[in-house]
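Letters go in sequence order (proteins before strands), and every chain restarts at 1. Since the model is a prediction, treat every value here as computed from it, not as a measurement.
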Amino acid sequence: RKEVEQDPGPFNVPEGATVAFNCTYSNSASQSFFWYRQDCRKEPKLLMSVYSSGNEDGRFTAQLNRASQYISLLIRDSKLSDSATYLCVAHNNAGNMLTFGGGTRLMVKP
Amino acid sequence: DGGITQSPKYLFRKEGQNVTLSCEQNLNHDAMYWYRQDPGQGLRLIYYSQIVNDFQKGDIAEGYSVSREKKESFPLTVTSAQKNPTAFYLCASRLTGGLETQYFGPGTRLLVL
């Protein structure tokens with residue numbers, strides 16, 4: 001089992017839709033989590049950090065459920081420009097390492 | 001400007017040739033990382049370094065080598081022993097300790113001639 005797992009998608013949604021991605025992690029020692037966005041042939045860029053139960057930034061909401069060991073990312077009112085791959089990352093403070101999920105691809109259609 | 005730079009953007013390798021990818025950061029970050037990404041795939045860790053003059057193998061270190069002689073620099077050499085080097089190579093850095101995450105350079109795309 002991978003340490004951080006994501007549904008690879010693709011998720012095809014119309015503009016204006018709300019879409020949610022889930023990410024599960026197996027290392028219960030993970031203490032902080034991040035969502036990155038990666039556009040095609042570009043480097044990943046930090047989208048949101050999740051340190052406690054959740055975080056909200058405009059149309060984006062991230063939630064953390066430690067009991068079930070999953071993190072979610074909700075995107076409201078999807079835009080064409082949201083089309084990208086979204087990477088979930090878990091940070092294990094003890095080992096000082098970040099573990100990346102394989103990414104979920106989102107395609108927003110007009 | 002502060003950030004992470006990688007060069008070159010594109011690199012071509014001939015059979016049996018060693019090539020070196022550059023990664024420099026002026027963020028005063030302690031740790032630096034090299035990842036490989038194949039088309040449609042996730043990131044795989046090649047090597048990482050948490051302090052100058054020290055580095056550790058990641059999940060796919062075979063056929064690669066690194067050095068960390070300066071805090072700002074973490075070059076990656078793709079040796080002739082790496083039989084399938086065509087990929088997108090990403091360098092990242094972060095402050096160690098605390099809850100800081102990684103920041104990535106723009107990447108180098110390596111192609112085999």
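Using a 4.5 Å cut-off between heavy atoms, B/Arg44 does not touch chain A at all. Heavy-atom distances place both the backbone and the side chain of A/Arg41 under 4.5 Å from chain B. For A/Gln38, the part sitting under 4.5 Å from any heavy atom of chain B is the side chain, from C-beta outward, and nothing else. If you measure heavy-atom distances from B/Gln6 to chain A, you find no contacts under 4.5 Å at all.
Salt bridge present: B/Lys71 and B/Asp30 bring a charged side-chain N and a carboxylate O closer than 4.0 Å.
Classification of the A/Phe60-A/Tyr86 ring pair by plane angle, with boundaries at 30° and 60°, yields tilted. The aromatic rings of B/Trp34 and B/Phe74 sit tilted, their planes meeting at an angle between 30° and 60°. Note on ring orientation: taking the six-membered ring where Trp is involved, the planes of B/Phe104 and A/Tyr36 are perpendicular (angle over 60°, cut-offs 30° and 60°).
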